[in-house]
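What follows is a single structure, written as structure tokens, with notes after it.
Below, each value reflects all heavy atoms present in this structure, side chains not excepted, and no hydrogens, waters or symmetry copies.
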Amino acid sequence: MNQRIIAIDQSTSSTKALLFDEQCHMIARTNVDHQQYYPQTGWVEHDAEEIYENMVEAIRLLVKKYMDCCPQGNECSPKPQGDPVSGFSASDSQFSLCITNQRETVVVWNKLTGKPIARAVVWQDTRGGELCRQLRSDAKTADMVMKKSGLLIDPNFSASGVKCLLDQVEGAREAAARGELLMGTIDTWLVWKLTGGRVHATDYTNASRTMLFNIHTMDWDDDLLQLFDIPRSMMPELRPCDAIYGETTVEGVFENPIQIAGVLGDSHGALVGQMCFKQGSGKVTYGTGSSVMVNIGEEPLPAPEGLVTSVGFSALGRTWYGYEGNIYSTGATLKWIADQLQLVGHPSEMEALATSVDDNGGVYIVPAFSGLGAPWWQSNVKGAVFGLTFATTKAHFLRAALESIAYQIKDLVDVMAQATGGKLSEICADGGPTKNRFLMQFQADMLNTPVVCTEVDDASALGAVVMNGLARGVWTSFNDVVGFRKVTQIYRPQASPSTVQLYEGWRQAVSQLIK
């Protein structure tokens with residue numbers, strides 16, 4: 001019987017359900033968007049219950065799409081009669097489920113009622129900014145957090161968001177003291193809901209982004225928990241990425257339970273999906289924000305200034321670490337231009353307009369909507385546009401927005417290349433914006449490094465599928481899966497003196513904002 005793996009890619013803007021076979025070919029996909037909440041300046045929230053409901057709906061739609069085409073789980077055949085999902089059990093054993101997710105976004109819920117005490121605090125949220133600034137001002141505290149967690153003290157990571165919820169939601173502190181509250185990143189919440197509250201667990205990659213996890217002991221750290229005043233009773237069980245996390249019927253989509261096998265954060269999923277198993281290999285994920293991550297091997301080395309050290313992935317009884325830098329607004333900038341400014345109907349329309357002009361006309365956009373992430377770590381900075389004149393057109397503005405993505409990636413890659421001993425041989429790229437040929441060529445030019453794009457846009461989901469197969473014993477080594485990555489295009493650098501000048505203009509723009 002052909003096995004089918006459902007990969008949930010729960011991102012900042014939507015929940016995707018993707019169906020793969022055991023050769024890692026994607027068979028079908030569905031997507032359900034969720035609402036963004038901005039109740040106060042700097043606050044970004046998600047409704048965790050909506051996300052769970054959307055995940056169930058995405059899986060329901062995915063299974064229906066698959067069964068409409070392939071009711072026997074074989075090759076496509078005529079559409080079956082009746083509802084192919086209701087009472088579906090004939091091929092339940094074909095399916096298993098894996099999860100990759102937006103990482104630092106955190107949920108706190110009451111384990112007795114099963115209800116969140118408030119909306120989830122999204123990784124872009126800066127409500128913990130003042131607390132983090134106060135903690136960073138104490139050099140000893142900042143050094144302790146960095147040495148234990150590998151992270152800089154910043155509201156991007158989960159800990160400050162949890163503390164804010166416990167401090168600000170009426171009765172939360174008391175409920176936490178009674179052991180009634182649980183916390184977790186989105187993967188933890190989804191697993192808990194899928195298993196009917198039987199499993200409260202997360203994987204090492206998501207844990208390593210909370211600022212509460214010790215990357216040396218591979219456990220929650222009492223000093224970090226105390227620093228943020230978070231009871232240990234709230235913390236989920238820790239597991240490797242290639243573990244079995246439980247069973248679920250997905251709210252009755254399946255009559256018989258299927259396994260949840262394989263969980264990891266989205267950037268880590270992309271590292272695996274791009275098959276960056278060797279020390280020194282790296283990737284860029286272009287999503288709502290962007291993550292640049294390089295595999296540094298099996299030792300959690302101290303990160304250079306402006307970067308952090310996280311668990312890259314944990315599988316086959318071993319753990320690999322990575323240097324990482326996170327950019328808050330890349331794809332989000334394009335979505336803002338389309339949705340809020342309405343300069344285009346969809347981000348896909350931007351390439352044609354951006355290439356209708358020869359250059360950016362001197363315009364630079366610094367998209368610090370939620371502050372500046374790595375390597376700047378300035379959470380209080382606001383976005384800005386520089387160089388506007390009466391000659392500026394919409395095309396110049398759109399080109400500057402696309403260029404801002406490449407500049408931010410270069411900021412990080414330059415630091416990483418220096419830390420790992422020189423220029424990287426190539427950068428593997430994934431995510432929706434990789435379809436923008438102008439952006440990819442401009443990125444290669446900026447880095448003076450080949451940018452390799454693969455046929456699977458959803459590398460994070462592919463990484464989760466790899467972990468699913470390892471967890472279930474389908475594959476027993478990384479060598480079994482490296483051939484599943486198919487390169488679609490390589491953008492080779494065409495750097496010129498103007499490339500250097502453009503980047504200098506970017507650095508000057510940023511320097512006017514940072515303190």
Side-chain angles (χ1 to χ4, degrees), residues 11-16 31-47 102 104-105 119-127 129 155-156 266 284-291 326-357 360-361 363-374 376 378-388 392-409 411 431-436 438-440 442-443 506 509-510 512-513:
S11 72
T12 308
S13 58
S14 67
T15 301
K16 289 179 282 190
N31 186 81
V32 182
D33 293 339
H34 60 263
Q35 189 169 347
Q36 312 291 314
Y37 296 90
Y38 309 99
Q40 296 184 35
T41 301
W43 289 31
V44 187
E45 298 178 341
H46 290 161
D47 183 335
Q102 50 167 320
E104 298 87 356
T105 298
R119 293 192 190 115
V121 179
V122 178
W123 58 271
Q124 298 163 312
D125 191 290
T126 59
R127 74 185 69 183
N156 172 243
D266 50 11
V284 178
T285 297
Y286 296 84
T288 301
S290 285
S291 160
N326 290 96
I327 301 164
Y328 297 159
S329 297
T330 51
T333 304
L334 311 186
K335 184 174 173 58
W336 167 72
I337 286 173
D339 295 351
Q340 300 295 103
L341 301 187
Q342 298 183 354
L343 294 181
V344 292
H346 190 271
S348 61
E349 301 170 19
M350 293 179 65
E351 181 178 357
L353 286 163
T355 54
S356 70
V357 290
N360 62 16
V363 178
Y364 288 88
I365 298 174
V366 183
F369 299 101
S370 299
L372 283 172
W376 311 106
Q378 296 278 335
S379 61
N380 58 330
V381 169
K382 304 300 180 186
V385 181
F386 297 92
L388 295 177
T392 300
T393 66
K394 178 168 72 171
H396 291 120
F397 192 88
L398 297 179
R399 187 176 180 118
L402 290 169
E403 289 180 353
S404 75
I405 296 175
Y407 297 139
Q408 292 177 94
I409 298 297
D411 287 342
T434 60
K435 290 186 173 68
N436 189 303
F438 166 76
L439 173 59
M440 291 297 99
F442 190 76
Q443 185 73 83
W506 161 258
V510 172
Q512 295 182 61
L513 297 177

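Using the six-membered ring where Trp is involved, Phe442 and Tyr407 have ring planes that are perpendicular, over 60° apart on the 30 and 60° scheme.
Using a 4.5 Å heavy-atom threshold, the side chains of Val44 and Tyr38 count as touching. Two residues are said to be in side-chain contact when any heavy atoms from C-beta on lie closer than 4.5 Å; Arg119 and Trp43 fail this criterion. The shortest distance between side-chain heavy atoms of Asn380 and Gln378 falls below 4.5 Å. Using a 4.5 Å heavy-atom threshold, the side chains of Trp376 and Leu513 count as separate. Residues Tyr328 and Trp123 are in side-chain contact: their nearest non-hydrogen atoms beyond the backbone lie under 4.5 Å apart.
Between the CD1 atom of Ile365 and the CG atom of Leu398 there is a distance of 8.0 Å, given to the nearest 0.5 Å. Separating the CG atom in Leu402 from the CG atom in Leu353 is a distance of 10.0 Å, to the nearest 0.5 Å. Note that NZ of Lys335 is 12.5 Å distant from OG of Ser329, once rounded to the nearest 0.5 Å. Rounded to the nearest 0.5 Å, atoms CD (Gln408) and CG (Leu372) are 7.0 Å apart. The CD atom of Glu351 sits 11.5 Å away from atom CG of Leu334, with the distance rounded to the nearest 0.5 Å. Taking OG of Ser348 as the start and NZ of Lys435 as the end, the distance is 10.0 Å to the nearest 0.5 Å.
With hydrogens and angles ignored, the 3.5 Å screen pairs no side-chain donor or acceptor of His46 with any backbone N or O of Val122. Checking side-chain atoms of Arg399 against main-chain N and O of Val357 turns up a donor-acceptor pair under 3.5 Å.
In this structure, Thr288 and Gln124 approach most closely via the heavy-atom pair CG2-NE2, 3.6 Å. Among all heavy-atom pairs drawn from Ser291 and Asn326, the shortest one is CB-ND2, 3.6 Å. Residues Pro367 and Trp506 come closest through the heavy atom pair CD-CH2, 4.2 Å. The two residues Glu45 and Arg127 come nearest to each other via the heavy atoms OE2-NH2, 2.9 Å. The two residues Thr126 and Pro155 have their closest heavy-atom pair at CA-CB, 4.1 Å. Residue Ser290 comes nearest to Ile409 through the heavy atom pair CB-CD1, 3.9 Å, listed as atom of the first residue, atom of the second, then distance.
With Met350 as the fixed residue, the side chain to side chain contact (heavy atoms under 4.5 Å, CB included) test singles out one of Ile337, Thr355, Leu439, Leu343: Ile337.
Between the side chains of Gln512 and Tyr364, not a single donor N or O lies within less than 3.5 Å of an accepting N or O.
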